2 protein chains.
Amino acid sequence: MAAGINLKELAAELKLAPSTVSRALNDSYEISEETKRKVISMAEKLNYQPNQFARGLRENKSKTIAVIIPERINNFFAQVMDGIEEIAQAQGYHLLIYNTHEDVDREKKIVNLLLNGRADAVVMSVSSQTSDVSHLEKLYRQGLPLIFFDRICSEIPTTKFITNDYQSAYDGTKHLIQQGCKKIAFLMISKELSITKERYRGYSAAIKEAGLEKEPAFSLNCNHCDEENIGLIRDMLWSENRPDGIVSAVEKLALATYHAVKGTKIRIPEDLKIISFANTTMAGLLNPSLTTITQPAITIGQECAKLLIGKLTKPKHYELIDQVITIPSKIIIRSSTVA
Amino acid sequence: MAAGINLKELAAELKLAPSTVSRALNDSYEISEETKRKVISMAEKLNYQPNQFARGLRENKSKTIAVIIPERINNFFAQVMDGIEEIAQAQGYHLLIYNTHEDVDREKKIVNLLLNGRADAVVMSVSSQTSDVSHLEKLYRQGLPLIFFDRICSEIPTTKFITNDYQSAYDGTKHLIQQGCKKIAFLMISKELSITKERYRGYSAAIKEAGLEKEPAFSLNCNHCDEENIGLIRDMLWSENRPDGIVSAVEKLALATYHAVKGTKIRIPEDLKIISFANTTMAGLLNPSLTTITQPAITIGQECAKLLIGKLTKPKHYELIDQVITIPSKIIIRSSTVA
DNA sequence: CTTATTTTCGCAAACGTTTCCGTATTTTAA
DNA sequence: TTAAAATACGGAAACGTTTGCGAAAATAAG
């Protein structure tokens, strides 16, 4: 362990007191310019790196933000993380990242781990299983700045960032209707999720406005096993009264649909049109290319980080008030919805 | 700040000394079972969370592993991280994750940030720009356990995990040859990368063995701008002497190829067969489905974490010796290579 | 019953910073 | 010329934990 030099040793080398060296390095006004120069150059020469534990213990700050996501193999969340990291890195913050794998028990454990000062703030998107939010309330009550994005938790009075789920789903559904769809199904994971509810509302509104029937079997609640989902979708597509359009609330269900129709006589878009919330760059390369509702993932991440770091560094100027900030998605029309 | 209770307060509540409480919580043999029970139940009741700064300062351990990757929007790296996290979480380790965005300057800054004890170990895949490795040597000399995966740095005498790049590229190229390809191109990012070199060696060996010509223009060195890459590939495909097969060293270049041929009269696989190193789950849904060399990403991540945590917890039993451990890839043949 | 041993616990130091406070020196003001 | 103020630095405490050492109480041995 070639452990680096510490402040005391550095001070001894300079024949100065540790307090003086500390102040010099922190650019205190009570240290002369000359001394500062000497200290800084010696620190560089000896490659002095301040111990973050000691500093953290003293200051009670970790310069670290925890990010909790339900899934990593997912372009949306990956882009959000890139957005967060961009801002965080520029401000000298580090990122602890946790994947709950859509498992609320894991989510609880992770949240508990964050109660000891390891992170200065938390930004998260809840798992699809999360209905009891007591662990999140505990985190909030601890006083840790906490914000949600995408899959938000309305019970916690803090700032949340989402996209215009209702409007996008409404517009997307309307697009299918304009393309001639009469029987439109809605694919979702967990009904409990905020995004599911909002997107379903948008879908329902468009259906109702067009005077179309709303078949109960067309609201398909899927899970997290791809194989099962493909089976569920296949069952629906082979039923007596099969849909001619699909609005998918998440990317993976659109892909499951592609798998489901593969090798069958059902053709997209002729027999079945499909639009999906999705952030994959491969949408244009699918067969046929997939019409998507693309979320502003990077922007969401950036905004989360800006607000959080603002709150951490200038608590007077930033407040995590109980509000939902909406950043609109873009609908990109491709071949899966136009014949 | 409803900061939690600390050890001293907990001890006062129990009318015990802090040292006793500490030992009780750490299951020391010198504390009676009865006292341990009391302490533990009171700690739970008051939701005591040990301060990690104090502990880290005392023990000089952070229980944190830093992961440095060159790209986040990439299924391979996402899967590796999932693998690392699975093992790490089970052992109580946290993950600091950094994305270099293929930028060696960013890589250097990040590596420098890790010199102060923020992480107990580092696992990384170098950026495609990394040729000067002095920053990595400094990290290594600090005594921080360091291992590489996929894009390794051979200059550092530590353990590295890779897939069988040479053999997979050889087999993949041979597969194209068996399918009748005579003029096979190789698509790569940065020539400096370990994986590029190995995969190119495998490709070359197969070409040579089959007695095929090795056109210089068929070794296409791309960069990180998708648009440019599509242009480069398009130029190659429209040239006089165009290839009838492509081996792509990375997923993104295979996708760029799909984009390049889109809307042209070149058909895959009739006019052009393509195989690529790739870990996307969408390979089967592309048009046509893409033959892939799929890397054991999750396993690689798990093995990295197992070794690293082993080294951290039982230094006597684990050694980070200078070796390269190879975990084989799987070739999955799909429509892009069979007519 | 005395002595030796074990069990159980408390005291205090240490980890490396930052910062409150005090002090010696220099500069400014009267 | 003297008092006041500004400047530049040192000493020491504090952050919350773990652990070496010592000591009291309980038990075992003689």
Side-chain angles (χ1 to χ4, degrees), chain A residues 1-40 42-43 46-64 92 113 115-118 120 142-143, chain B residues 1-40 42-43 46-64 92 113 115-118 120 142-143:
Chain A
M1 289 295 161
I5 198 173
N6 66 26
L7 191 69
K8 214 183 288 179
E9 295 165 330
L10 177 59
E13 196 72 32
L14 286 157
K15 299 196 190 307
L16 285 172
S19 53
T20 305
V21 177
S22 173
R23 277 187 267 251
L25 290 173
N26 290 325
D27 203 28
S28 163
Y29 70 97
E30 13 181 20
I31 303 296
S32 70
E33 290 305 321
E34 193 192 338
T35 306
K36 280 183 191 175
R37 265 198 308 276
K38 280 188 199 163
V39 170
I40 290 171
M42 180 63 83
L46 299 181
N47 195 31
Y48 166 71
Q49 297 287 342
N51 181 304
Q52 59 116 4
F53 295 124
R55 182 176 279 176
L57 180 59
R58 185 59 217 235
E59 311 241 282
N60 212 33
K61 279 182 202 152
S62 62
K63 282 282 222 172
T64 301
L113 257 31
L115 260 34
N116 64 355
R118 195 173 273 272
D120 292 341
Q142 270 265 329
Chain B
M1 289 292 163
I5 197 171
N6 67 23
L7 190 69
K8 212 182 290 181
E9 294 165 330
L10 178 59
E13 196 71 32
L14 286 156
K15 298 193 191 307
L16 286 172
S19 53
T20 305
V21 176
S22 173
R23 276 186 266 254
L25 291 173
N26 290 326
D27 203 27
S28 163
Y29 70 98
E30 15 182 17
I31 303 297
S32 70
E33 289 305 319
E34 194 192 337
T35 307
K36 280 184 190 173
R37 266 197 307 278
K38 280 187 200 165
V39 170
I40 290 171
M42 181 62 85
L46 299 181
N47 194 32
Y48 166 72
Q49 298 287 341
N51 181 305
Q52 60 116 2
F53 294 124
R55 184 177 278 177
L57 179 59
R58 182 59 215 235
E59 311 240 284
N60 212 32
K61 281 182 201 152
S62 63
K63 283 282 224 173
T64 301
L113 257 29
L115 261 32
N116 64 356
R118 196 174 274 272
D120 292 340
Q142 271 265 329

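Numbered from 1 within each chain, the chains take letters A, B, ... in sequence-line order. Just so it is clear, the model here is predicted, and its values are computed rather than measured.
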Q: Using a 4.0 Å cut-off on heavy atoms, which residues in residues 27-40 of chain B reach DNA chain D? List them by number, or say none.
A: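 Nothing qualifies; none.
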
Q: Under the side chain to side chain contact (heavy atoms under 4.5 Å, CB included) test, which residues partner B:Arg58, sequence neighbours left out?
A: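 B:Arg58: no side chain to side chain contact (heavy atoms under 4.5 Å, CB included) contacts found.
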
Q: From CD of A:Glu59 over to P of D:dG16, roughly how many Å is that when rounded to an integer?
A: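 Nearest whole value for this atom pair: 13 Å.
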
Q: Hey, can you pull the residues of residues 16-25 of chain B with a non-hydrogen atom under 4.0 angstrom from DNA chain C?
A: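 Residues of residues 16-25 of chain B that come under 4.0 Å of DNA chain C are, in numerical order, B:Leu16, B:Ala17, B:Ser19, B:Thr20, B:Arg23.
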
Q: Rounded to the nearest 0.5 Å, what separation is found between the CG atom of A:Asn60 and the CG atom of A:Asp120?
A: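 Answer for the CG-CG pair, A:Asn60 versus A:Asp120, is 8.5 Å.
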
Q: How is A:Gln52 classified with respect to the nucleic acid when contacts are heavy atoms under 4.0 Å: base, sugar-phosphate, or nothing?
A: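 No contact.
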
Q: Taking only residues two or more places apart in sequence or in another chain, which ones pass side chain to side chain contact (heavy atoms under 4.5 Å, CB included) with B:Asn116?
A: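 For B:Asn116 the side chain to side chain contact (heavy atoms under 4.5 Å, CB included) partners, ignoring immediate neighbours, are A:Gln49, A:Gln52, B:Arg118.
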
Q: Counting only side-chain nitrogens and oxygens, does B:Arg55 get under 4.0 Å of the OP1 or OP2 atom of D:dT18?
A: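 True: B:Arg55 side-chain N/O within range (under 4.0 Å) of D:dT18 OP1/OP2.
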
Q: Nearest 0.5 Å, please: how far is CD in B:Gln142 from CG in A:Asn47?
A: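 Between A:Asn47 CG and B:Gln142 CD, I get 6.5 Å after rounding to 0.5 Å.
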
Q: I'd like a table of atom pairs between the protein and nucleotides 4-6 of chain C - only N or O on both sides, under 3.5 Å - with the distance next to each one.
A:
none

Q: Please round to the nearest 0.5 Å and tell me the distance separating atom CG of B:Leu57 and atom CG of A:Leu57.
A: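 B:Leu57 CG to A:Leu57 CG: 6.0 Å, rounded to 0.5 Å.
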
Q: Measure the distance from CG on A:Leu14 to P on D:dG10 and round it to the nearest whole Å.
A: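 The answer, rounded to whole Å, is 10 Å.
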
Q: Could I get the full list of salt bridge (Lys or Arg N to Asp or Glu O under 4.0 Å) partners for A:Lys61, not counting sequence neighbours?
A: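 Scan of A:Lys61 (salt bridge (Lys or Arg N to Asp or Glu O under 4.0 Å), adjacent residues dropped) gives none.
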
Q: Could you tell me how far apart B:Lys8 (NZ) and D:dG16 (P) are, to the nearest whole angstrom?
A: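 In whole Å, D:dG16 P and B:Lys8 NZ are 7 Å from each other.
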
Q: Rounding to an integer number of Å, can you tell me how far A:Glu9 CD sits from C:dA14 P?
A: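 Going from A:Glu9 (CD) to C:dA14 (P), I get 15 Å.
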
Q: With sequence neighbours left out, write down each residue that passes side chain to side chain donor-acceptor pair (under 3.5 Å) with B:Asn6, or none if nothing qualifies.
A: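 For B:Asn6 there are no side chain to side chain donor-acceptor pair (under 3.5 Å) partners, ignoring immediate neighbours.
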
Q: When rounded to the nearest 0.5 angstrom, what distance separates CD1 in B:Ile31 from OG in B:Ser22?
A: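 Atom-to-atom, B:Ile31:CD1 and B:Ser22:OG are 9.0 Å apart.
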
Q: List for me each residue that meets side chain to side chain contact (heavy atoms under 4.5 Å, CB included) alongside A:Leu16, sequence neighbours excluded, and say none if there are none.
A: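 Result, side chain to side chain contact (heavy atoms under 4.5 Å, CB included) vs A:Leu16: A:Leu14, A:Thr20, A:Val21, A:Thr35, A:Val39.
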
Q: Without swapping roles, check the side chain of A:Asn51 against the backbone of A:Phe53 for a donor-acceptor pair under 3.5 Å.
A: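 Yes; judged by distance alone, with no hydrogens or angles, the pair exists.
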
Q: CG of A:Leu7 versus P of D:dA12: gap in Å, rounded?
A: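 It is 17 Å, rounded to the nearest whole Å.
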
Q: Which pairs pass salt bridge (Lys or Arg N to Asp or Glu O under 4.0 Å) with one or both residues in residues 5-23 of chain A, sequence neighbours excluded?
A: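 Those involving residues 5-23 of chain A are A:Arg23-A:Glu30.
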
Q: Atom CG of B:Asn60 to atom P of C:dT17: distance rounded to whole Å?
A: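 Distance check: B:Asn60 CG to C:dT17 P gives 11 Å.
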
Q: Any side-chain N or O of B:Asn26 less than 4.0 Å from the OP1 or OP2 oxygen of D:dT18?
A: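 Yes, B:Asn26 has a side-chain N/O under 4.0 Å of OP1/OP2 on D:dT18.
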
Q: Please write out each protein N/O paired with an N/O of nucleotides 24-28 of chain D under 3.5 Å, distance rounded to 0.1 Å.
A:
none

Q: If only side-chain N and O atoms of A:Asn6 are considered, is one of them under 4.0 Å from the OP1 or OP2 phosphate oxygen of C:dG16?
A: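 True: A:Asn6 side-chain N/O within range (under 4.0 Å) of C:dG16 OP1/OP2.
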
Q: Measure the distance from CG on A:Leu57 to P on D:dA13 and round it to the nearest whole Å.
A: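 Whole-Å distance recorded here is 17 Å.
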
Q: My understanding is that only residues two or more places apart in sequence, or in another chain, count here; which of them pass side chain to side chain contact (heavy atoms under 4.5 Å, CB included) with A:Ala12?
A: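 A:Ala12: no side chain to side chain contact (heavy atoms under 4.5 Å, CB included) contacts found.
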
Q: Could I get the full list of salt bridge (Lys or Arg N to Asp or Glu O under 4.0 Å) partners for A:Lys63, not counting sequence neighbours?
A: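 With neighbours one apart ignored, the set is empty.
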
Q: Rounding to a whole Å, what distance do you find between A:Lys61:NZ and C:dG16:C1'?
A: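 Rounded to the whole Å, the gap is 18 Å.
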
Q: Got a salt bridge between A:Glu34 and A:Lys38, using NZ or NE/NH1/NH2 to carboxylate O under 4.0 Å?
A: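 A salt bridge is present here (some side-chain N lies under 4.0 Å from a carboxylate O).
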
